[in-house]
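Structure first, then comments.
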Protein chains: 2
Amino acid sequence: MSLELLRKLANSMMPLPDHEWEALAACWHPVQFKRKEVITVAGEVEKYLYFVNAGVQRLFCLEGDKEATLLFTYTGSFSGIMDSFQLQQPTSAYLEALTASDMLRMSYADFDRLTLQYPTIERWVRLGTVAALSGLLERHKELLSFTAEQKFRKLLTRSPHVLQLIPHKYLASYLGIDPATFSKLLSTVKL
Amino acid sequence: MSLELLRKLANSMMPLPDHEWEALAACWHPVQFKRKEVITVAGEVEKYLYFVNAGVQRLFCLEGDKEATLLFTYTGSFSGIMDSFQLQQPTSAYLEALTASDMLRMSYADFDRLTLQYPTIERWVRLGTVAALSGLLERHKELLSFTAEQKFRKLLTRSPHVLQLIPHKYLASYLGIDPATFSKLLSTVKL
DNA sequence: ATAAAATGTTGATCTGCACCAAGATTTTCT
DNA sequence: AGAAAATCTTGGTGCAGATCAACATTTTAT
């Protein structure tokens with residue numbers, strides 16, 4: 001069971017005393033998902049916090065017959081439906097594996113115990129959550145004020161690698177534009 | 001200095017032992033803003049967490065020549081630029097008073113000390129932040145998938161009172177639609 | 001109370017982008 | 001390797017909603 005990536009991340013953010021790290025590490029359990037497999041279904045309460053050892057995942061909602069993609073998670077990042085997990089309330093989102101995924105996960109009971117027992121961990125979770133909020137606010141601002149082309153360009157400059165990593169129809173959904181429009185924008189930029 | 005509203009809110013969410021409440025209460029200081037006064041400017045680090053005793057405030061960004069309104073805060077809610085405050089990083093947003101505002105505020109130094117000293121408070125801040133994240137995700141989903149009319153209707157059903165409270169041009173900006181379109185939608189619904 | 005500023009309304013254009021559809025290409029599965 | 005499924009491309013069309021503009025109304029400040 002590989003905790004290397006997670007340990008590296010933890011150390012870079014907040015070095016923990018050895019015994020706290022032990023307690024934390026003991027709560028993670030490996031789990032695998034196949035490509036296209038749905039990890040969490042709308043209506044459920046998110047049972048786990050995930051850490052991605054390998055693969056790409058997508059968080060999305062169904063609105064009528066359309067999907068709205070909220071975010072992607074990647075190798076080396078946390079995953080799961082964070083608000084549903086922390087508040088233990090039903091979610092209206094789906095989490096699915098876009099590629100075969102190798103993940104670690106922690107149950108809510110363990111998470112709750114750790115945060116109550118170790119103030120450092122509680123604090124670290126808070127700051128991680130704020131960072132997520134900050135990123136979402138930034139994207140929100142773009143949705144409110146950018147044209148399709150501006151959103152497209154921003155994606156290209158901020159995360160060019162996702163073009164090879166994620167099917168374009170999902171990137172289009174993430175930007176709130178039509179897949180055909182995405183394709184047309186792409187062709188204008190490639191010249 | 002009126003801590004009534006704040007105390008009521010705190011008790012409803014998480015009753016604190018008396019001495020913790022004392023420590024918390026001692027950190028708040030009253031402050032007033034005039035209508036249209038800018039409370040925090042883009043580029044700054046948010047110095048304070050606010051609690052609104054009276055008034056309405058608006059959080060927005062400038063993108064080119066347009067404003068994108070991210071959220072409103074009201075009597076009885078917290079205010080401030082939460083991510084900038086908690087992370088002590090510069091913000092790209094502005095906070096302004098839409099009406100004359102009567103607020104309480106707490107410095108970051110006090111906030112930091114309280115969260116380190118009292119695990120209950122640290123935890124409560126985390127859960128408040130998650131709740132904010134949850135609400136923002138919900139709105140994000142709507143921006144991605146709703147038409148102007150759908151967003152308009154949702155606003156009317158969820159918060160009809162804001163129609164009397166907030167100038168419609170800001171509501172339009174909040175929904176990401178043109179003020180003229182907002183006005184036209186309003187007239188169709190009034191019949 | 002009055003002037004001035006801000007906000008809201010309404011109609012007439014104009015356009016960005018969604019929508020549709022059919023074919024080309026790529027990826028996945030066995 | 002080959003068949004099937006998924007994804008991407010590209011052109012044509014239509015419309016939701018932005019933009020423009022002029023006037024009406026409401027709110028604020030003195």
Side-chain angles (χ1 to χ4, degrees), chain A residues 32-38 55-56 58 60 63-69 72 96-101 142-156 162-191, chain B residues 32-38 55-56 58 60 63-69 72 96-101 142-156 162-191:
Chain A
Q32 285 80 232
F33 296 96
K34 286 181 289 196
R35 176 183 132 84
K36 299 245 169 181
E37 189 169 351
V38 174
V56 183
R58 179 172 81 107
F60 68 98
E63 280 300 338
D65 54 346
K66 310 254 151 195
E67 294 182 355
T69 297
F72 303 101
E96 80 171 346
L98 288 184
T99 67
S101 297
E142 293 169 22
L143 279 191
L144 279 172
S145 51
F146 282 8
T147 65
E149 182 175 355
Q150 288 173 317
K151 289 184 280 186
F152 176 80
R153 294 188 114 80
K154 182 104 179 204
L155 180 71
L156 279 215
V162 297
L163 278 182
Q164 338 300 337
L165 198 60
I166 295 174
H168 295 177
K169 66 169 181 168
Y170 297 131
L171 296 178
S173 159
Y174 177 77
L175 297 181
I177 69 181
D178 191 87
T181 303
F182 189 96
S183 173
K184 285 163 188 169
L185 286 169
L186 189 59
S187 75
T188 69
V189 110
K190 273 198 297 207
L191 312 183
Chain B
Q32 285 80 230
F33 296 97
K34 286 181 290 198
R35 175 184 133 84
K36 298 244 168 183
E37 190 171 349
V38 174
V56 183
R58 179 173 80 107
F60 68 97
E63 280 300 338
D65 54 345
K66 309 254 153 193
E67 294 182 353
T69 298
F72 303 101
E96 80 172 346
L98 288 184
T99 67
S101 297
E142 292 169 23
L143 280 190
L144 280 172
S145 51
F146 281 10
T147 65
E149 182 174 353
Q150 288 173 316
K151 289 184 281 185
F152 176 80
R153 293 188 116 78
K154 182 104 179 205
L155 180 71
L156 279 215
V162 297
L163 277 183
Q164 339 300 336
L165 197 60
I166 295 175
H168 296 177
K169 65 170 181 167
Y170 297 131
L171 296 177
S173 160
Y174 177 78
L175 297 181
I177 69 181
D178 191 89
T181 303
F182 189 96
S183 173
K184 285 163 189 167
L185 286 169
L186 189 58
S187 73
T188 69
V189 110
K190 273 197 298 206
L191 313 181

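All chains are named by letter (A, B, ...) in the order of the sequence lines, taking the proteins before the strands, and each is independently numbered beginning at 1. Here the structure is a predicted model, which means the values were calculated and not measured.
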| said: Quick test of your reading: applying salt bridge (charged side-chain N to carboxylate O under 4.0 Å, His left out), list the pairs with at least one residue in residues 167-184 of chain A, sequence neighbours left out, ordered by first then second residue. | reply: none

| Taking CG from Leu186(B) and C1' from dA24(D), how many angstroms apart are they, rounded to a whole number? | 16 Å

| Partner set under side chain to side chain contact (heavy atoms under 4.5 Å, CB included) for Lys151(B), not counting sequence neighbours | Leu143(B), Phe146(B), Leu175(B), Ile177(B)

| query | Roughly how many Å is it from CD in Glu67(B) to C1' in dA6(C), rounded to a whole number? | reply | 14 Å

| Separation of dT9(C) P from His168(B) NE2 (nearest whole Å) | 7 Å

| query | Over how many whole Å does the gap from Leu163(B) atom CG to dT7(C) atom P extend? | reply | 16 Å

| query | Along nucleotides 11-30 of chain C, 5' to 3', which nucleotides get a B, which get an S, and which get a -, given that the test is a protein heavy-atom distance under 4.0 Å? | reply | BB----SSB--------SS-

| field | Pairing residues for Phe60(B) by the ring pair (Phe, Tyr, Trp, His ring centres under 6.0 Å) criterion, not counting sequence neighbours | value | Tyr94(B)

| field | Set of residues satisfying side chain to side chain contact (heavy atoms under 4.5 Å, CB included) with respect to Leu165(A), sequence neighbours excluded | value | Val56(A), Tyr74(A), His161(A)

| remark: Across all chains, not counting sequence neighbours, the salt bridge (charged side-chain N to carboxylate O under 4.0 Å, His left out) partners of Arg153(B) are Glu149(B)

| note | Across all chains, not counting sequence neighbours, the ring pair (Phe, Tyr, Trp, His ring centres under 6.0 Å) partners of Tyr174(A) are Phe72(A)

| task | Side chain of Pro167(B) only, please: which of dT7(C), dT9(D), dT9(C) is the nearest? | result | dT7(C)

| request: Round to a whole Å and report the spacing from CD1 of Ile166(A) to C1' of dA6(D). | output: 16 Å

| query | Rounding to a whole Å, what distance do you find between Lys169(B):NZ and dT9(C):C1'? | reply | 15 Å

| field | Donor-acceptor pair, side chain of Thr99(B) and main chain of Arg35(B), under 3.5 angstrom | value | no

| message | Categorize Lys36(A) for me: base, sugar-phosphate, or nothing, with a 4.0 angstrom heavy-atom threshold over every strand shown. | response | sugar-phosphate

| said: Leu156(A): which residues meet the side chain to side chain contact (heavy atoms under 4.5 Å, CB included) condition with it, sequence neighbours left out? | reply: Phe152(A), Leu163(A), Val189(A)

| field | Overall bend - the helix from dA1(C)-dT30(D) to dT30(C)-dA1(D), comparing terminal axes fitted on five pairs, nearest 10 degrees | value | 80°

| Rounded to the nearest Å, what distance is computed from the CZ atom of residue Phe152(B) to the P atom of nucleotide dA16(D)? | 17 Å

| query | Side chains of Lys154(A) and Glu142(A): closer than 4.5 Å at any heavy-atom pair? | reply | yes

| query | Rounded to the Å, how far apart are Leu175(B) CG and dG17(D) C1'? | reply | 14 Å

